[in-house]
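For reference, the structure discussed in these notes is given below.
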Amino acid sequence: MPLTSTPLSRRQRWFAAGASACLALAAAQAGMALRPQAVAAAAPPEANRMQMERQPDFAKMQAVGEAMFFDRGLSASGRVSCASCHDPAHAFGPSNALDVQPGGRDGRTIGTRAAPSLRYQQNVPPFTMHRFDDDFDESEDQGAAGGHNWDGRARTLHEQAAIPLLARHEMANASPAEVVTRLRAAPYAAQFRETFGQDALDDEGRAFQWATLALEMFQQDPAKFYPYSSRYDDYLRGKAKLSAAEMRGLALFNAENKGNCASCHVSQVSANTGAFPAFSDFGLIALGVPRNRALPANRDPAFHDLGACGPDRTDIDPKANPELCGAFRTPSLRNVAVRQSFFHNGLFHSLEDVVRFYVERDVAPQRWYPGKAHRPDDLPAAYAENLNMDPPFGGKRGGRPALDEAEIRDIVAFLRTLTDKDMEPAAQALTQRSQPARIAHGR
């Protein structure tokens with residue numbers, strides 16, 4: 001099997017060792033040869049408790065969850081469903097090039113963060129403040145990681161499913177009770193009761209938990225959410241070859257002195273579990289992405305989206321943990337060629353520009369940041385030391401970037417091999433009409 005040769009870092013091994021049995025089962029169904037591993041409960045505690053009490057049928061829960069996923073009637077505006085921002089035809093991510101998707105009670109409210117893809121979320125570990133090496137040696141603290149959403153605040157898919165239902169700039173229900181009122185009027189209300197019990201919609205708190213469990217179970221469908229069917233997966237299985245440009249891109253992606261992308265976007269089969277790579281180590285990292293001045297919230301110069309430090313996440317005290325301010329969770333790069341906006345604020349709109357930003361942030365900051373100082377303009381100076389400086393970042397201003405334009409094209413060529421087979425038409429359509437353009441820092 002042709003596998004990449006770069007050794008796994010300590011933090012990559014940490015996550016591989018903690019991969020869930022849910023991933024192993026899904027991977028086996030997807031046709032991957034995985035080594036046996038211990039079986040652990042994949043569902044969150046609340047889901048375990050509820051299933052033990054009633055043990056609803058898994059397929060029926062998935063069917064209810066799917067109906068909910070496409071139901072615009074669950075939003076306060078009646079215009080937004082989960083699928084509005086997470087289109088199945090675009091790897092359960094946005095189908096358009098908007099920086100941030102509209103929502104809210106009027107259906108037109110713009111928040112601060114781009115909608116992520118929901119594919120390959122099944123093996124994201126819960127948030128932890130500290131990661132250690134394989135021996136859990138506290139002297140080898142690897143930093144915060146895990147959790148769902150850009151800031152890692154949801155421990156599980158079950159918790160994550162509740163967030164958009166209630167977020168004021170998304171589906172904008174005022175409370176779980178409002179969601180349940182909408183469920184009672186939904187065309188699948190009888191199906192919901194048949195699945196979870198005839199009294200399932202009677203108690204609002206309990207009904208909301210059943211609802212988020214159904215959405216979670218829908219996302220456990222391997223064919224829809226984690227098929228592992230890309231050309232790179234076939235390459236790892238020894239069933240496909242990559243082109244010369246793609247192979248050069250893979251080498252650059254892994255090389256520590258070039259792209260160094262694999263240090264966060266793991267590209268190897270796990271040495272511990274045999275699982276295929278998620279192309280994320282799920283770490284929280286501060287990149288210094290330029291401020292998106294097109295977002296309404298950013299009209300206030302005092303406003304900053306600080307990721308793990310808020311404003312959406314409220315359980316981390318910036319004074320106690322200033323090192324997390326400006327840090328966002330590393331997304332998977334699978335199906336990245338299907339996306340049309342990148343990073344947490346959706347500012348970038350081409351893969352080429354994303355790679356250029358990485359290699360030019362420090363050597364050519366004038367291309368990305370306005371003002372005389374040309375310093376990161378969406379991270380307060382108090383948190384400047386949080387910026388990641390691992391290659392390809394770093395270098396002296398005016399120096400040579402770690403990658404030239406030809407090498408950037410090769411890395412992008414490799415990234416396109418991460419597209420699942422059912423997403424290839426969408427990726428090809430975007431490739432044909434896209435014209436890479438540098439970010440205008442006056443946005």
Side-chain angles (χ1 to χ4, degrees), residues 22-23 25-26 29-30 42-44 46-47 50-51 54-95 101 103 115-124 148 154 156-167 170-171 173 176 178-198 200-201 206-229 334-335 338 420-423 426:
C22 173
L23 172 60
L25 174 60
Q29 291 173 332
E46 58 269 35
M50 295 171 73
Q51 290 186 67
R54 289 197 173 171
Q55 297 184 339
D57 181 80
F58 179 70
K60 289 183 177 180
M61 285 193 291
Q62 284 191 315
V64 170
E66 184 169 13
M68 291 178 60
F69 194 87
F70 291 94
D71 183 11
R72 296 187 178 190
L74 287 183
S75 66
S77 68
R79 301 178 182 179
V80 179
S81 70
C82 301
S84 298
C85 299
H86 303 286
D87 182 359
H90 289 78
F92 288 91
S95 61
Q101 303 301 307
S117 168
L118 295 182
R119 275 200 171 178
Y120 300 99
Q121 297 295 301
Q122 80 287 353
N123 60 334
V124 177
H148 294 271
T156 62
L157 283 172
H158 188 91
E159 290 186 359
Q160 186 279 326
I163 291 175
L165 290 169
L166 304 175
E170 297 187 57
M171 299 177 80
N173 289 285
E178 185 174 352
V179 176
V180 176
T181 296
R182 299 183 190 282
L183 284 171
R184 290 168 180 159
Y188 50 85
Q191 181 184 1
F192 193 101
R193 292 188 178 96
E194 180 184 349
T195 299
F196 296 112
Q198 290 305 308
L201 292 171
R206 192 177 186 83
F208 187 74
Q209 288 297 314
W210 286 128
T212 52
L213 177 62
L215 287 169
E216 178 193 17
M217 293 301 102
F218 171 56
Q219 295 179 68
Q220 299 301 327
D221 186 325
K224 291 183 173 73
F225 287 93
Y226 39 102
Y228 293 94
S229 64
R334 286 182 172 273
N335 295 299
V338 179
D420 288 320
K421 285 184 172 60
D422 60 336
M423 295 296 111

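Residue numbers run from 1 in the order of the sequence given.
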* **For H90, side-chain hydrogen bond (donor to acceptor under 3.5 Å, both in side chains) partners two or more places apart** => D87
* Stepwise side-chain contact (heavy atoms from CB on, under 4.5 Å) check, I163 with E159 -> CA-CA 7 Å; I163 291 175; E159 290 186 359; 6.0 Å; no
* Partners passing ring-ring contact (aromatic ring centres under 6.0 Å, His included) against F192 (at least two apart in sequence or in another chain) -> F196
* **Residue list, side-chain contact (heavy atoms from CB on, under 4.5 Å) with P94, at least two apart or on another chain** => N96, Q101, A115, R339
* Test item: T212 side-chain N/O and A162 main-chain N/O as donor-acceptor pair under 3.5 Å -> no
* To do: May I have all residue pairs that pass side-chain hydrogen bond (donor to acceptor under 3.5 Å, both in side chains) and include part of residues 185-196, sequence neighbours excluded?
  => D71-Y188
* Non-neighbouring partners of D57 that pass salt bridge (charged side-chain N to carboxylate O under 4.0 Å, His left out), sequence neighbours left out -> none
* Structure fact -> Scanning both residues in full, the closest heavy-atom pair of A207 with A200 reads CB-O, 3.1 Å
* **Rounded distance [0.5 Å steps], CG in L215 versus CG in L165** => 6.5 Å
* Could you list the residues that satisfy salt bridge (charged side-chain N to carboxylate O under 4.0 Å, His left out) with R119, not counting sequence neighbours? => D420, D422
* To do: Any chance you could measure F58, atom CZ, to Q220, atom CD, to the nearest 0.5 Å?
  => 6.0 Å
* Asked: At what distance, to the nearest 0.5 angstrom, does CG of N335 lie from OH of Y120?
  -> 6.0 Å
* If you look at every heavy atom in S117 and A91, which pair is closest and at what distance? -> OG-O, 2.5 Å
* All side-chain contact (heavy atoms from CB on, under 4.5 Å) counterparts of E178, not counting sequence neighbours -> A76, R105, N173, A174, S175, R182
* **Sequence-distant partners of S84, side-chain hydrogen bond (donor to acceptor under 3.5 Å, both in side chains), two or more places apart** => S81
* Could you tell me the separation between the CH2 atom of W210 and the CG atom of L201, rounded to the nearest 0.5 Å? => 11.5 Å
* Asked: Do the non-hydrogen side-chain atoms of M68 and V64 ever get within less than 4.5 Å of each other?
  -> yes
* Using the test ring-ring contact (aromatic ring centres under 6.0 Å, His included), find all partners of F218 that sit at least two apart in sequence or belong to another chain. => F69, F225
* Sub-4.5 Å side-chain heavy-atom contact between Q121 and Q160 -> no
* Asked: side-chain contact (heavy atoms from CB on, under 4.5 Å) with S75: which residues, sequence neighbours excluded?
  -> S77, V80, M171
* To do: Output the distance between atom CD (E216) and atom CD (Q62), rounded to the nearest 0.5 Å.
  => 11.0 Å
* Structure fact -> For E170 and P164, the nearest pair of non-hydrogen atoms, with its separation, is OE1-CB, 3.2 Å
* Asked: With sequence neighbours excluded, what pairs up with R72 under the salt bridge (charged side-chain N to carboxylate O under 4.0 Å, His left out) test?
  -> none
* Residues which pass side-chain hydrogen bond (donor to acceptor under 3.5 Å, both in side chains) with K224, listed by chain and number, not counting sequence neighbours -> D221
